[in-house]
Amino acid sequence: MIDLKLAQKQPEVVEKALKERHSKLDMREFRALDERRRALLAEVEALKGRRNAASDEVAAIKRAGGDASDRFAALGELSERIKKLDAEVAEVKAEEEAWLLSVPNLPDASVPQGADEKENVEIARWGTPRAFDFPPEEHGELGTRLGGLDFARAAKLTGSRFVVERGWAARLERALVNFFLDQHTKREGYIEIAPPYMVNRVTMTGTGQLPKFEEDLFKVRDWDYYLIPTAEVPLTNLHAGETLDEAELPLAYCAATPCFRSEAGSAGKDTRGIIRMHQFTKVEMVRFAHPDDSMNQLELMTGHARHLLELLELPYRVITLCTGDLGFSAAKTYDVEVWLPSQNTYREISSCSNCTDFQARRANIRFKPRGGKAAWAHTLNGSGLPTGRTMAAILENGQQKDGSVVLPKALVPYMDGVEVIEPAR
RNA sequence: GGAGGGGUAGCGAAGCGGCCGUAACGCGCUCGACUCGAAAUCGAGUUAUCGGUGAGUAACCGGUACGUGGGUUCGAAUCCCACCCCCUCCGCCA
């Protein structure tokens with residue numbers, strides 16, 4: 001949520017941000033609601049002031065042993081008017097709140113201007129895509145041929161956009177989770193969390209998935225619970241409603257969880273392989289930072305995601321999302337894209353964002369300097385990394401002419417010494 | 001699922017329908033006194049949020065908040081209803 005005061009006092013700043021993001025929201029709607037709310041509030045507060053004063057008088061009379069019942073009729077009428085006005089204020093306030101909740105975060109000044117993903121800016125590249133002397137096989141086919149991925153049975157069990165992993169693939173999944181978590185917890189100082197995979201509506205609202213993106217979520221029937229689309233949701237909300245000690249910052253968490261996404265609106269996209277599933281496993285990094293330090297923290301955290309790909313010997317590039325392509329909660333986002341030989345292109349494998357105070361304001365996450373006043377903390381999140389897309393990249397980049405796959409050396413200890421996945425015979 | 005107890009400031013906790021929300025009391029925290037310094041002791045201070053006036057995140061005036069949402073009442077932390085969470089016990093269960 002953006003700052004109410006900012007919208008009231010510097011509407012031009014919000015207006016500019018909305019324009020940069022190519023949003024259709026109109027500040028005039030907000031202005032009308034805000035003015036109406038304040039007018040109603042002034043009116044009802046004056047009436048309440050009168051009621052309070054009168055109540056004090058009644059109390060004084062009663063204490064003195066007098067009879068104040070002749071005042072009750074007029075006061076009752078006053079209370080009725082207050083009740084009606086209160087209801088009106090609540091209605092307008094709810095509308096105003098809904099409007100504010102639908103406003104995306106303000107892009108950071110360093111974010112490049114642009115309308116859509118075509119105007120994202122590449123800022124770094126690592127590794128060289130391998131030259132193949134045979135046509136590289138797509139990872140879904142490859143994984144199926146090697147007996148690790150089973151889309152047919154997943155479709156039988158559930159439906160499309162699910163996969164069954166068998167043998168080496170299931171083992172590789174577990175190896176990747178352990179490898180990622182070990183890097184984060186042992187080398188980079190993240191605290192490992194095992195959170196709930198279902199959260200309530202308030203939690204989903206805190207990180208910005210609700211109310212706007214309900215159709216992207218799986219909802220639990222008869223409960224106000226949702227399956228998490230990413231561990232960002234429970235991790236960021238860990239400190240919802242809390243005031244952190246400034247000395248604790250930056251605070252870093254990581255978690256490996258399944259992620260559930262309805263993928264509404266992406267019908268027909270990425271239908272092959274395991275790039276876009278309804279369920280996938282991801283290790284997520286979340287950081288709570290001091291406002292003055294959060295942009296440094298974004299660089300640091302993006303570095304953690306990049307380092308994993310370097311250890312896995314997977315070529316990648318990093319892009320800065322332009323204003324038009326930024327996610328709802330983010331002020332600045334780096335996407336890390338891994339090389340996929342079968343598609344002859346880089347595909348997103350990690351998205352690292354600084355949400356500044358946008359989620360903190362929704363979820364009420366603050367920090368307090370010693371002796372100072374509490375302020376909104378900044379929250380950041382990034383993938384580090386999803387197992388599925390990483391597995392896709394490992395399979396495609398490591399494939400050999402003989403149909404086998406050579407695994408990255410860093411994973412061998414996690415695979416009980418297995419270096420190559422051989423075709424079954 | 002059943003029975004009972006509870007939810008009030010950073011924490012613990014008191015609170016006969018009006019004199020209790022700048023919320024008793026205790027702890028903590030901040031500042032000061034004492035001290036070479038510290039501890040102990042003593043003194044002072046210490047809720048958040050919204051609206052108005054205002055250049056002001058200063059000051060002043062007012063509103064709101066006792067888990068959440070309703071209700072009763074001239075007036076609710078206090079009475080009634082529903083829901084949420086925590087604790088104890090019972091049942092069921094991986």
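First the proteins, then the strands, lettered A, B, ... as listed; each starts at 1.
One C1' atom belongs to B/A76, the other to B/C19, and the distance between them is 16 Å to the nearest Å. Nucleotides B/G12 and B/C84, compared at atom P, are 24 Å apart to the nearest Å.
With a cut-off of 3.5 Å on both Watson-Crick or G-U wobble distances, the partner of B/C74 is given as B/G18. Across all strands shown, B/A13 has no partner, as no Watson-Crick or G-U wobble contact with both distances under 3.5 Å is found. Of all nucleotides present, none satisfies the Watson-Crick or G-U wobble test against B/U57 with each distance under 3.5 Å. When both pairing distances are held under 3.5 Å, B/U88 makes a Watson-Crick or G-U pair with B/A3. Across all strands shown, B/A39 forms no Watson-Crick or G-U wobble pair with both distances under 3.5 Å. Pair check for B/A48 finds B/U64; Watson-Crick or G-U wobble, both atom distances under 3.5 Å.
Between A/Lys5 and B/G56 there is no side-chain polar atom (N or O) within less than 4.0 angstrom of OP1 or OP2. The phosphate of B/G75 has OP1 or OP2 within less than 4.0 Å of a side-chain N or O from A/Ser79. Between A/Asn52 and B/G63, a side-chain N or O to OP1/OP2 separation shorter than 4.0 Å is present. In this model, the phosphate group of B/G75 is not approached by any side-chain N or O of A/Arg71 to a distance below 4.0 Å at OP1 or OP2. Under 4.0 angstrom from either OP1 or OP2 of B/C50 there lies no side-chain N or O belonging to A/Gln8.
For A/Arg51, counting side-chain heavy atoms from C-beta on, the closest listed nucleotide (B/U57, B/G18, B/G75) is B/G75.
When only modelled atom types and interatomic distance are considered, A/Asn237 and A/Thr203 share no side-chain donor-acceptor pair under 3.5 Å. Side-chain atoms of A/Glu422 and A/Ser404 include no donor-acceptor pair closer than 3.5 Å.
Among the heavy atoms of the strands, none lies under 4.0 Å from A/Glu242.
The structure places OH of A/Tyr225 at 16.0 Å from CG of A/Leu217, a figure rounded to the nearest 0.5 Å.
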